[in-house]
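Before any comments, here is the structure.
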Amino acid sequence: MILPPEFYARDTVTVTQDLLGCLLVHQGKGGTAAGWIVEDEAYLKGDPAAHSYRGETKRNRVLFGPPGRVYTYLIYGLHTCVNVAMGPVGTGEAILIRALEPAFGVDLMQKRRGMDDPLELASGPGKLTEALGITMDLNGTSLCTGPLQIWSPDSLPDRRPEGWPGEIVQTTRIGITKAADRPLRFYLKESRYISRR
DNA sequence: ATCAGGATTGGCT
DNA sequence: GCCAATCCTGATT
């Protein structure tokens, strides 16, 4: 089943861990594709590394809306990254989804990425958006009612992500310069589908 | 109006 | 390991 609004209306770090093993599904142009979430990061209130740190702007305004909405942004003029807006209205917290294990629509993901290796299809924040066809027009849509959704792994008992349920590893976040020491990155220890750098 | 820099990736040394 | 690609946003002049 699709994760309900109540799932997101909880502590951000808790939800960041609970999202591991859940299925990110996108019903987009060209078809549907999905992957298990195996790596993600939390960006909190008062966090210098968070896009919301300097207050609300045109770009980050969905972060300050209700939890459970999609926040997308363009990085390095090349790649789209996808987040879940978190915290009560006005808080501006977020969860960055960093890596997926391909699960459904793998052929479509391969076509979009222009490569075959399942280990490389969605093992990074820019890779996974390309593989699922996630673009900036999804910014602000609801994960509970929109074309991009997150499903509970318990509702799909026939297939399981590698290493789930299992040990969750917590480390520092990747690719940031501010607040680089905060341990807010989480991933499934036994998964081979984690981002490299 | 201008400009520095970024929650990345892929290719080359 | 190093570096270019590529462009939008936010801060500054």
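Labels below follow one simple rule: chain letters A, B, ... track the order of the sequence lines, proteins then strands, and each chain is numbered from 1.
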Nucleotide nearest A:Tyr76 (side chain, heavy atoms from C-beta), chosen from C:dG10, B:dG6, B:dA7: B:dG6
More than 12 heavy atoms of other groups within 6.0 Å of A:Arg113 CZ: yes
Partner nucleotide of B:dA7 by Watson-Crick or wobble geometry (both distances under 3.5 Å): none
Between B:dG5 (C1') and A:Ile176 (CD1): distance, integer Å: 15 Å
Gap between atom CD of A:Gln27 and atom CD of A:Gln149 - 0.5 Å precision: 5.0 Å
Distance in angstrom units between A:Glu39 CD and B:dA7 P, rounded: 16 Å
DNA chain B: 5'-proximal contact among A:Ile174 and A:Glu130 (nearest heavy atom): A:Ile174
Polar pair under 3.5 Å, donor/acceptor by atom type, side chain A:Arg197, base B:dG10: yes
Complement of C:dG1, any strand, by Watson-Crick or G-U distances under 3.5 angstrom: B:dC12
Any strand: nucleotide that pairs with C:dT13 via Watson-Crick or wobble, under 3.5 Å: none
Among C:dC7, C:dA11, B:dG10, the nucleotide that comes nearest once only the side chain of A:Arg113 is considered: B:dG10
Phosphate OP1/OP2 of B:dG6: any A:Arg59 side-chain N/O under 4.0 Å: no
Rounded distance in Å - CD1 (A:Ile97) to P (B:dT8): 15 Å
A:Arg185 vs B:dA7: side-chain N/O to OP1/OP2 distance below 4.0 Å: no
Integer-rounded Å distance: C:dA11 P and A:His51 NE2: 12 Å
Ring centroids of A:Tyr43 and B:dA7 base under 5.5 Å with planes under 30°: yes
Connected via hydrophobic side-chain network under 4.5 Å: A:Leu20 and A:Val15: yes
Distance in angstrom units between A:Asn60 CG and B:dA7 C1', rounded: 14 Å
Check ion pair A:Arg173-A:Asp47 (N to O, under 4.0 angstrom): yes
Interatomic distance where CG belongs to A:Leu63 and C1' belongs to C:dT9 [whole Å]: 14 Å
Between C:dG10 (P) and A:Tyr73 (OH): distance, integer Å: 13 Å
Atom pair distance, as rounded to whole Å: NE2 in A:His79 and C1' in B:dG11: 12 Å
Summary of side chain to side chain donor-acceptor pair (under 3.5 Å) pairs that have at least one residue in residues 63-92 of chain A, sequence neighbours excluded: A:His51-A:Tyr71
